[in-house]
Amino acid sequence: MTSQTLSAHTWTPEQLDRALVQNQPFTLVDVRNREDFRTWPVPVPPGTAVFHTPYFEILEQGGKEDMVDSVVEYARQHWANISGEKPVLVVCAKGQTSAFVAQGLRKLGYDAYHLEGGMEAWGNYYAFRTLVSTPRLTITQVVRPARGCLGYVIASGSQAALVDPFRHAQRYLDWTKHLGLQIHFILDTHAHADHISGGPALAQATGQGYYLHPYDAIHPIDVLPARVPFEFVRDGQEFRLGEVTIRALHVPGHTLGNLTYLVDDKYLLSGDTIFIRSIARPDLGGRGETWAP
């Protein structure tokens, strides 16, 4: 199988993201091990057909010396109900074994592709989506779809503020540099339990302040203070960015120090306090009886 053949039958993480956002129909074939499939599924739309068999089981049950031939034999026996009317995307951990499975499915006539770089590349994929664009203000949502995490870049003129940046700091440095933006503030709405903040690293790289509410700058179990440099944020504190103002609003609940940021008195960055169908559960930090009230 040549690299040219592979590239012609590959979805990039960006293409997968586009398919999910636009709700494009496809069939997913996941050949990772059972634990990875269970704990980290691809967030496919409702109604999407998902087939899962670990790759080594496909080879064993296919029973052929050639890997692709084993895939063909296994698919004939177990995947006869895969729809031939939709594209088929095959995913694995790093995009290697899925290439052979996709090739086997193509030999059976399916329009099959594999995910370039596998779930490792999908996990590291960032999408920058502009939500607000006016002459005085731009708000860009930064999405890490594999993790379900959202952050923001607020820009006015040549100045930028980062809200809830993710761990890969260089992505933000490259993106803002490309747009001619200078980072002036790095703001975390709360100390996250579900992803590593890029705030401290970005503050060190830019020489700008990293801002966090002091209630979230302690460990919830042993109550020791943060070991990284940060600036205290108080309720009602305002940050001037170009022609707009960003105001911090303290809304304890999800965490003791949870903040939302009101941008230009119009756009609220809710910081995991409000969801489409629910509100955030409190982070009780092992102190349920004390903190739940």
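Here the side chains of Phe37 and Val50 are in contact, with some heavy-atom distance below 4.5 Å. Side-chain atoms of Tyr152 and Leu131, non-hydrogen and from C-beta on, do get closer than 4.5 Å to each other. Side-chain contact between Met67 and Leu59 is present, with at least one heavy-atom pair separated by less than 4.5 Å. A heavy-atom distance below 4.5 Å is found between the side chains of Trp40 and Met119. Proximity of Pro145 to Tyr125: side-chain heavy atoms (C-beta onward) are separated by under 4.5 Å at one or more points. Annotation: side chain of Ile154 is not in contact with side chain of Thr138 (no heavy-atom distance under 4.5 Å). His78 places a side-chain heavy atom less than 4.5 Å from the side chain of Gln61. Contact annotation: the side chain of Val101 approaches that of Trp79 to within less than 4.5 Å [non-hydrogen atoms, C-beta and beyond].
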* Take Asp264 and Arg247 through the salt bridge (Lys or Arg N to Asp or Glu O under 4.0 Å) test and state the conclusion after the steps. => CA-CA 8 Å; Asp264 208 26; Arg247 189 188 319 154; over 6 Å; no

* Would Leu187 and Phe239 satisfy side chain to side chain contact (heavy atoms under 4.5 Å, CB included), going step by step from the backbone distance to the final call? -> CA-CA 10 Å; Leu187 313 170; Phe239 301 84; 3.9 Å; yes

* **Criterion side chain to side chain contact (heavy atoms under 4.5 Å, CB included) on Thr189 and Asp272, from CA distance to verdict** => CA-CA 8 Å; Thr189 57; Asp272 283 359; 5.8 Å; no

* Under the side chain to side chain contact (heavy atoms under 4.5 Å, CB included) rule, what do Lys177 and Ile183 come out as? Steps first, then yes or no, please. => CA-CA 9 Å; Lys177 181 180 180 180; Ile183 298 172; over 6 Å; no

* To do: Show the numbers, then the answer: is there a side chain to side chain contact (heavy atoms under 4.5 Å, CB included) between His190 and Tyr215?
  => CA-CA 9 Å; His190 61 292; Tyr215 283 0; over 6 Å; no

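Tyr267 and Asp265 form no side-chain donor-acceptor contact under 3.5 Å, judged by distance and modelled atom types alone. Thr245 and Arg240 form a side-chain donor-acceptor contact under 3.5 Å, judged by distance and modelled atom types alone. Side-chain polar atoms of Tyr211 and Glu231 form no donor-acceptor pair below 3.5 angstrom.
Interatomic distance, OG of Ser98 versus OH of Tyr55, reported as 9.5 Å (0.5 Å rounding). Taking CG of Leu16 as the start and CZ of Phe26 as the end, the distance is 5.5 Å to the nearest 0.5 Å. A distance of 4.0 Å separates OG1 in Thr260 from CG in Leu249, rounded to the nearest 0.5 Å. Distance CD1/Ile186 to CG/Leu212: 12.5 Å, rounded to 0.5 Å. We find the OG-CG distance between Ser197 and Leu162 to be 10.0 Å, quoted to the nearest 0.5 Å. With values rounded to the nearest 0.5 angstrom, Ile279 atom CD1 is found 11.0 Å from His254 atom NE2.
Taking all atoms of both residues into account, the shortest heavy-atom contact from Val91 to Val42 is CG2-CG2, 4.4 Å. Pro229 and Tyr210 get closest at one heavy-atom pair: O-CD2, 3.7 Å. When all heavy atoms of Arg106 and Ala112 are compared, the closest pair comes out as NH1-O, 3.0 Å. Between Asp216 and Ala191, the shortest heavy-atom contact is OD2-N, 3.0 Å. Closest approach of Gly242 and Gln159 over heavy atoms only: N-OE1, 3.0 Å. Contact record, Val72 with Gly104: CG2-O, 3.5 Å, taken as the closest heavy-atom pair.
For Arg38, the salt bridge (charged side-chain N to carboxylate O under 4.0 Å, His left out) test picks out Glu35, with sequence neighbours left out. The salt bridge (charged side-chain N to carboxylate O under 4.0 Å, His left out) check on Asp164 picks up nothing, with sequence neighbours excluded. Here Arg34 pairs with Glu57 under the salt bridge (charged side-chain N to carboxylate O under 4.0 Å, His left out) rule; sequence neighbours left out. In terms of the side-chain hydrogen bond (donor to acceptor under 3.5 Å, both in side chains) criterion, Asn258 has no residue partners (sequence neighbours excluded).
In this structure, Val142 is not a member of the same hydrophobic cluster as Val263, with clusters built from ILVMFWY side-chain heavy atoms closer than 4.5 Å. Phe51 and Leu28 end up in different hydrophobic clusters when Ile, Leu, Val, Met, Phe, Trp and Tyr side chains are linked at under 4.5 Å. Note: the hydrophobic cluster containing Tyr113 does not contain Leu108 (ILVMFWY, side chain heavy atoms under 4.5 Å, direct or indirect links). Following chains of ILVMFWY side-chain contacts shorter than 4.5 Å, one can reach Tyr110 starting from Phe100, so the two form part of one hydrophobic cluster. If you chain together hydrophobic residues whose side chains sit under 4.5 Å apart, Leu179 and Val153 fall into the same group.
Using the six-membered ring where Trp is involved, Phe128 and Trp175 have ring planes that are parallel, under 30° apart on the 30 and 60° scheme. Taking the six-membered ring where the residue is Trp, His213 and His250 present parallel rings, their angle staying beneath 30° rather than reaching 60°.
No donor-acceptor pair under 3.5 Å is formed between the side chain of Ser278 and the backbone N or O of Phe275. Of the possible polar contacts, none joining the Ser156 side chain to the Leu137 backbone as a donor-acceptor pair under 3.5 Å is found. The closest donor-acceptor contact from the side chain of Arg136 to the backbone of Glu243 lies under 3.5 Å. Side chain of Tyr126 to main chain of His168: a donor-acceptor pair is present (N/O by atom type, distance under 3.5 Å, no hydrogens or angles). No donor-acceptor pair under 3.5 Å is formed between the side chain of Thr130 and the backbone N or O of Val132. One N or O on the side chain of Gln15 and one on the backbone of Thr12 form a donor-acceptor pair closer than 3.5 Å. For the pair Asn33 (side chain) and Asp36 (backbone), a donor-acceptor distance under 3.5 Å is present. Between the side chain of Gln237 and the main chain of Arg234, a donor-acceptor pair closer than 3.5 Å is present. In this structure a side-chain-to-backbone donor-acceptor pair under 3.5 Å is present from Tyr172 to Phe166.
No cation-pi contact links Arg144 to Trp122, judged by a cut-off of 6.0 Å to the six-membered ring centre and 45° from its axis.
The environment of Glu65 atom CD is sparse: at most 12 non-hydrogen atoms of other residues, nucleotides or ligands sit within 6.0 angstrom. Heavy atoms of other residues, nucleotides or ligands lying less than 6.0 angstrom from CZ of Arg167 number 12 at most.
The side-chain hydrogen bond (donor to acceptor under 3.5 Å, both in side chains) analysis of residues 66-75, with sequence neighbours excluded, yields the pairs Thr53-Tyr74, Asp69-Lys107, Glu73-Gln77. For residues 19-30, the pairs satisfying side-chain hydrogen bond (donor to acceptor under 3.5 Å, both in side chains) are Gln22-Gln24, Asp30-Arg32, with sequence neighbours left out.
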